[in-house]
Amino acid sequence: MFGSNRKGVKGARVFTFLGRCCVGLVPILLLSSASFAEEKPLNLVTFIEKPLIDQKNGEPAGVVVSVIKELFRQANITYTLRLMPPKRAILMTAETDNYCVFPIERSQEREVKYQWVSPILISRHGLYSHPNKPIALKTLEDARPYTLGSYLGSGMGEYLESFGFNVEYAGRNELNARKLLKNRIDLWVSDTESAKFLIKQERLPLSTPELVFFTTVRAMACNLTVDSNVVKKLQATATKMYRSGDAERIYKTLN
Amino acid sequence: MKLTCVRVFKIFFSFLVLLGITARIGYAADEVTGHETVAKKWLENEFNVSTLSPEEQMEEMRWFINAAKPFKGMTIRVVSERIDTHVYESHTIARAFSEITGIHVVHELTGEDDVIKKLQTQIQTGVNLYDAYINDSDLIGYHYRSDKTVALSDYMAGDGAAVTLPTLDIDDFIGISFTEGPDGKLYQLPDQQFANLYWYRHDWFSRPELQTQFKALYGYALGVPENWSAYEDIAEFFTVHVKELDGQRVWGHMDYAKTDPSLGWRMSDAWLSMAGAGDKGLPNGYPVDEWGIRVIGCQPVGASVGRGGALDGPAAVYAVTKFVEWLDKYAPPEAKNLNFTEAGEWVGKGNIAQQIFWYTGFTASLTDASLPIVNEDGIPKWRMAPSPHGAYWDEGMKLGYQDAGSWTLLKNTPPERRDAAWLYAQFAVSKSISLKKTLVGLTPIRESDIMSDVMTEKAPYLGGLVEFYRSRGRDVWTPTGANVPDYARLSNYWWQFISRAIEGKLTVASAMHKMAEAMDAEMQLMADESNLKCKPVLNEIEPEDVWLKREGAPKAMRNESPKGKTLSYDEAIHVWQ
């Protein structure tokens, strides 16, 4: 068995962006009503990633949230759910008892820091170019001379940086689309579902990705103090939901 | 003849059809010629070393061009870990294949643990994440049991016959025994291989003053250690007695121990096999393998000594105790906080005298002429040699690990996509490509490549890699085998429990005992939940003494400090001739 190591994100730049983007987002708390078990509710945190995760009537919404709600309903486990910026959600979960965050990439580097329920979401990630400056990409290597725009906490930026790509970070995914159109980056790195939604919703003059270069399996990561039996129960339920088609039925409502 | 309107129309229509067919044939012919021109360019400019003649290479390219026609325009996705060989595939071979065949390939690179998680996800959810995986053959026990993986031997003779390269030459693959199940079927096709071998500073070991000093202290020659006692003596010699060479602090041992999945690989790959925990037998010990898992027939019956396994037996405890002790006493203090990749680059700094277990996958990065461990003429100051064995090792046992990253097709991939991916897989290992790939990544898979004149010329610059792969040693350093029923489910236990011993939260004996119990419990769950072929049926627990008195593994306590034995480099590399 052999493997790899990804370099960390450049700390100072990350936290500068984090500071800027946290100001505008007030965490929203939702207490589940579907609580049958007696244990202390699990504190779930997630982040806006339209159209997969959004905010509706002040509460987290979207297909990924629906999958999580169904997962906890079937597992009969109580929870609270709130929104916060992605980087903060990940850090809070790593450092706080009884917290879980979703949907984050499950990687070798993160493996030991959390307990995992996987998969929650399978994403494909693409590179988008400016309409007036198309960049033909046959392989990821072709993107090496360019400045790539990712967002804090996405995992994709770290992945690309570990290969020596020049990555700039924004606070949220949609900001990169605007940076691309203002020629502040050469290629926008985004998961294809989010990009499709943003292009349509904001009527951006962008087309299909130049290259869909990576697939991620995203998961719910839980703090190491969370009862391992609860995690095991959630994992078993998640697997059952995929096998039964329940997860697919919910994800199909997206299109 | 009177031409009616209908007849005129028919003649005109026939003319159009004929014109269309001719144009189509012409276009198709042009297209094929175009692909051949592209192929020729790639053969001349990139794949210009091969055991095939240029004409034979071109024949292979023509076969790929024709076989790929039904899939032209398709985009396929494959995934592998990120080592030099796969980087070359992802950047160069995928591009060549796309241009030559018209099938676009996205070859993703990620950590090996991530590859396994993705494969597991595709199997669990039925979602076709990838059309093919380059997955270590360590999972062979799962592939043949699960019925989720395409048996390539069946596929090549059946549904995949039309897309199987006539010149693939399966017998030329040196690691094919690693990718066959106990049922004799081939489940995976090796794409790259590397071994874990002993690594040492040949230049330091050759210094007369150090030889004299070592002999005076330990009573035998400074050389390639044949057993762990000698390794330990040499570690102590450099760390404690020599301390400084050419003005810099030097260390007699290097390892890594950060809590990380790669810590587990250190153990599950080879540490226990080097110590001698398992039984005799190749490629893996039988009935007890190097994970300490006993089988009856093909069914795992336990990992703990109480059930006939060896995971918490004296040999396993000895192995991990030495791991922790050497790390504490002889390695640089930073070692405990390094993972596999970080530690791999450390020996390049030039302050490490030896490493018991070093992956030859790092060869390319340690032959860079700018490093302090390489001479000006490009010949390394270091050598690789067979690993020393521990006190429980006996003749006839495996002596280390070999990674065989292998093409793996899953049954739930749509057939058309699977066929197109299989073409790319074969392209990447074809004789037209493989020798160049071997020179780039130094992870040979073919007998024809390793025996080639090109590799003979290259040998002096590779520190012993060619010599090893030309020896019988390549059959004695083997991957995880078929006793392990589900690698993905069991492998996490290694880093989880070994890390507790390293951190001092548990004694080594207690950590190994708890890990053996956890593995037994997981295998029981597999038996209860799954439809695996040859699924586990755990033995009833018997007193440990009863098992330890029986022949083979688990082995009773031995003298763990026999006298150290060393060999000269020439003797060491000829042990496995």
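Chain letters run A, B, ... following the sequence lines, proteins first, then strands; residues in each count from 1.
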Exercise for the section: Please look at B:S90 and chain A and tell me whether the side chain, the backbone, both or neither of the residue comes under 4.5 angstrom of a heavy atom of that chain. Expected result: backbone
Problem - From CD (A:E109) to CG (B:N339), nearest 0.5 Å - result: 7.5 Å
Handout entry: From B:D260 atom CG to A:K113 atom NZ, the distance as rounded to the nearest 0.5 Å
Key = 9.5 Å
Exercise for the section: Answer with side chain, backbone, both or neither: which region of A:L211 has an atom nearer than 4.5 Å to a non-hydrogen atom of chain B? Expected result: side chain
Handout entry: Engaged part of B:V127 at the chain A interface, taking heavy atoms whose separation is under 4.5 Å
Key = side chain
Problem - Straight-line distance of B:T121 OG1 to A:R106 CZ, nearest 0.5 Å - result: 8.0 Å
Problem - For the student: nearest non-hydrogen atoms of B:Q124 and A:S118, plus distance - result: OE1-O, 4.3 Å
Handout entry: Pairs involving residues 109-141 of chain B, ordered by first then second residue, that meet ring pair (Phe, Tyr, Trp, His ring centres under 6.0 Å) (sequence neighbours left out)
Key = B:Y130-B:Y133
Fill in the blank from the handout: Closest non-hydrogen contact found for B:W495 with A:E111 is CZ2-CG, 4.2 Å
Exercise for the section: Using a heavy-atom cutoff of under 4.5 Å, enumerate the residues of residues 121-130 of chain A that contact chain B, numbered in order, or state 'none'. Expected result: A:I122, A:R124
Exercise for the section: Give a yes or no on this: more than 12 heavy atoms of other residues, nucleotides or ligands lie within 6.0 Å of atom NZ of B:K505. Expected result: no
Exercise for the section: Could you look at B:N196 and say if it's the side chain, the backbone, both or neither that has a heavy atom under 4.5 Å from chain A? Expected result: neither
Fill in the blank from the handout: With sequence neighbours left out, the residues meeting side chain to side chain donor-acceptor pair (under 3.5 Å) with A:Y146 are none
Handout entry: Most chain B-contacting option - heavy-atom pairs closer than 4.5 Å, from A:T139, A:V217, A:D142, A:T215
Key = A:T215
Problem - Check: B:R77 and A:V212 side chains under 4.5 Å, non-hydrogen atoms - result: yes
Exercise for the section: Quick one: list whatever passes side chain to side chain donor-acceptor pair (under 3.5 Å) with A:W116, sequence neighbours left out. Expected result: none
Practice task
Tell me, for B:E99 versus chain A, whether the close heavy atoms (under 4.5 Å) come from the side chain, the backbone, both or neither.
Solution key: side chain
Practice task
List the atom of A:V112, the atom of B:P261, and the distance in Å for their closest heavy-atom pair.
Solution key: CG1-CD, 3.8 Å
Problem - Salt bridge present between B:R95 and A:E141 (N-O < 4.0 angstrom) - result: no
Practice task
Using a cut-off of 6.0 Å, state whether more than 12 heavy atoms not belonging to A:K232 lie near its atom NZ.
Solution key: no
Handout entry: Heavy atoms of other groups near B:D528 CG, more than 12 under 6.0 Å
Key = yes
Completion exercise
Rounded to the nearest 0.5 angstrom, the NE2-CG distance for B:H107 and A:L140 is 12.0 Å
Exercise for the section: Write down the atom of B:H104, the atom of A:K138, and the distance for their closest heavy-atom approach. Expected result: NE2-O, 3.0 Å
Problem - More than 12 heavy atoms of other groups within 6.0 Å of A:E248 CD - result: no
Fill in the blank from the handout: Between A:F214 and B:K118 the two heavy atoms that sit nearest each other are CZ-NZ, 3.5 Å
